[in-house]
2 protein chains.
Amino acid sequence: MVDMARWGPMLETAGIRVTSQRLLVLEVLAAHRLPVSARRVHAELQDRGATTGLTTVYRALASMTEAGLVHAFTHMGEGVYRLCGSASHHHLVCRVCGMVAERQEDIVDGFRAEEVYGVCATCESAESGSRRCSTTTGATADPPEVTESR
Amino acid sequence: MVDMARWGPMLETAGIRVTSQRLLVLEVLAAHRLPVSARRVHAELQDRGATTGLTTVYRALASMTEAGLVHAFTHMGEGVYRLCGSASHHHLVCRVCGMVAERQEDIVDGFRAEEVYGVCATCESAESGSRRCSTTTGATADPPEVTESR
DNA sequence: GCAGCAATGAAAACCATTGTCGTTATCATG
DNA sequence: CATGATAACGACAATGGTTTTCATTGCTGC
Ligand SMILES: [Mn+2]
Ligand SMILES: [Mn+2]
Ligand SMILES: [Zn+2]
Ligand SMILES: [Zn+2]
């Protein structure tokens, strides 16, 4: 039911137990290029007929994040997760349209950036320069889900 | 009771009503260099003898953020707010020790960065290079409050 | 003064996340 | 294969920051 051969060794290498639930969560994560919420992972597991509880999804994501297999951050007020590549990198997250992009280059000297929140070029030009100061809360558009990079 | 002369014009310019509660919130924000939570603002208002409710604090912060007077973002799972300077800038936020620094320079081409989450130099060197991949959740230290910039 | 509308305060609702606890799975060992 | 130790699971309750509801109050312009 689960592609054990593919994800099992990864969990072993990370030093955490191989369980069917973790393997399932990994499969769901692998099916998405972009970050997904715990809630979403759980829903897709239900669709597959798995009986895994939401609590367990949270714990699986937490343990695998802890182990360095999963990259986690907060997007629009809820936690999102994605499979972690080997290289160090950071995310650009647009607070207006929800776009997420991955970048490799170091951007700040003396600081290892992981998640960079701001406004993408598209939304920047679309925003008629009205605000006195840039803000972070209250998206002006309605961002449906994490969207494509660029 | 409130330094009306100082903050009144700011609210008027922003196009929102001048209320005693908003003036009080502005005074509390002005008393801090670093971002404070709604809860914290409320507590300090209580200390001053104000009867302002937490709900109103949230609404005042929301309206002033909307109006561009306040800069808001999320820190360690809760919203934090601070008075917004006139110049565009971004914050460096260390997810390990909670340090917040402000920077002016643009750091990413084609993206206006507002909040940059990552690991500061101090915590980076302290972290014995064990993790396979950098993560964002689960601070390894216990970060008490927003701390000083560098 | 009065209609109209925004702002307030208290309480309840919301909702993602975490804790509890009894049960089950995993793994090493005999 | 049986056993015991330990980690993980599942269902559910609890938590905590934030938002909504709703009745009430306070401006604002007429
Ligand atoms: Mn990533
Ligand atoms: Mn700022
Ligand atoms: Zn955008
Ligand atoms: Zn730090």
Side-chain angles (χ1 to χ4, degrees), chain A residues 1-2 4 7-9 11-12 14-26 35-43 45-46 49-67 69-70 72-81 136-139 142 145-146, chain B residues 1-2 4 7-8 11-12 14-26 35-43 45-46 49-67 69-70 72-81 136-139 142-143 145-146:
Chain A
M1 198 179 198
V2 174
M4 175 78 157
W7 303 117
L11 291 171
E12 287 169 1
I16 59 178
R17 281 196 184 166
V18 179
T19 70
S20 63
Q21 292 87 351
R22 287 174 183 170
L23 292 170
L24 282 168
V25 168
L26 282 175
V36 291
S37 65
R39 183 162 298 279
R40 186 118 199 277
V41 171
H42 179 244
L45 291 187
Q46 304 254 83
T51 61
T52 312
L54 178 56
T55 308
T56 298
V57 172
Y58 274 110
R59 281 188 293 227
L61 290 168
S63 59
M64 295 191 295
T65 299
E66 177 91 12
L69 301 178
V70 168
F73 60 102
T74 300
H75 186 258
M76 303 303 185
E78 76 175 348
V80 289
Y81 308 82
T136 296
T137 46
D142 37 12
E145 191 74 12
V146 177
Chain B
M1 199 179 198
V2 175
M4 174 78 156
W7 303 117
L11 291 172
E12 288 169 1
I16 60 177
R17 276 195 190 166
V18 181
T19 70
S20 63
Q21 291 87 350
R22 286 174 184 170
L23 292 171
L24 282 167
V25 168
L26 281 175
V36 290
S37 65
R39 179 164 298 278
R40 187 114 199 278
V41 171
H42 179 244
L45 291 187
Q46 305 253 83
T51 61
T52 312
L54 179 57
T55 308
T56 299
V57 171
Y58 274 109
R59 282 190 289 229
L61 290 169
S63 59
M64 296 192 294
T65 300
E66 177 93 10
L69 301 177
V70 168
F73 60 103
T74 300
H75 186 257
M76 303 304 185
E78 77 175 349
V80 289
Y81 308 83
T136 296
T137 47
D142 38 11
E145 190 76 11
V146 177

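In what follows, chains carry the letters A, B, and so on, assigned in the order in which the sequence lines appear, proteins first and then strands, with residues in each chain numbered from 1.
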If I take atom [atom1] in residue [X] and atom [atom2] in nucleotide [N], what distance separates them, rounded to the nearest angstrom?
X: B:E12; N: D:dC27; atom1: CD; atom2: C1'; result: 13 Å
X: A:Y58; N: D:dC12; atom1: OH; atom2: C1'; result: 15 Å
X: B:L45; N: C:dT8; atom1: CG; atom2: P; result: 12 Å
X: A:L54; N: D:dG10; atom1: CG; atom2: P; result: 11 Å
X: B:L61; N: D:dG17; atom1: CG; atom2: P; result: 15 Å
X: A:E78; N: C:dC15; atom1: CD; atom2: C1'; result: 10 Å
X: A:H42; N: C:dT17; atom1: NE2; atom2: C1'; result: 14 Å
X: B:E66; N: C:dA6; atom1: CD; atom2: P; result: 14 Å

Can a side chain N or O of A:Q21 be found less than 4.0 Å away from OP1 or OP2 on D:dG10?
->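 For D:dG10, OP1/OP2 do have a side-chain N/O of A:Q21 under 4.0 Å.
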Answer with yes or no whether A:R59 presents, from its side chain, a donor or acceptor under 3.5 Å of a partner atom in the base of D:dG10.
->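 Yes, a donor-acceptor pair under 3.5 Å.
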Is it the case that the side chain of [X] and the backbone of [Y] share a donor-acceptor pair, with hydrogens and angles ignored and the cut-off at 3.5 Å?
X: B:R22; Y: B:R17; result: yes
X: B:S37; Y: B:R40; result: yes
X: A:T56; Y: A:T52; result: no

Select base, sugar-phosphate, or nothing to describe what [X] touches, counting heavy atoms under 4.0 Å on all strands.
X: A:R22; value: sugar-phosphate
X: A:G77; value: nothing
X: B:T55; value: base
X: A:T56; value: base
X: A:T52; value: sugar-phosphate

Between A:G53 and B:A62, which is nearer to the 5' end of DNA chain D once each is assigned its nearest nucleotide?
->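 It is A:G53, whose closest nucleotide lies nearer the 5' terminus.
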Considering only side-chain heavy atoms of A:R17, which listed nucleotide, C:dG9, D:dA8, D:dT18, is closest?
->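 Looking only at heavy atoms from C-beta outward on A:R17, the closest nucleotide is D:dA8.
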Shortest side-chain distance from A:T19, nucleotide among D:dC9, D:dT18, C:dA16 =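 Taking heavy atoms from C-beta onward, the closest nucleotide is D:dC9.
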Euclidean distance, A:W7 CH2 relative to A:E12 CD, rounded to 0.5 Å |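 One finds 14.0 Å between CD of A:E12 and CH2 of A:W7.
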Find the distance between CG (A:L24) and OG1 (A:T19) and round it off to the nearest 0.5 Å.
->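 Taking CG in A:L24 and OG1 in A:T19, the distance rounds to 8.5 Å.
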Residue whose closest nucleotide on DNA chain C lies nearer the 5' end, A:R39 versus B:A60 |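 Nearest nucleotide further toward 5': that of B:A60.
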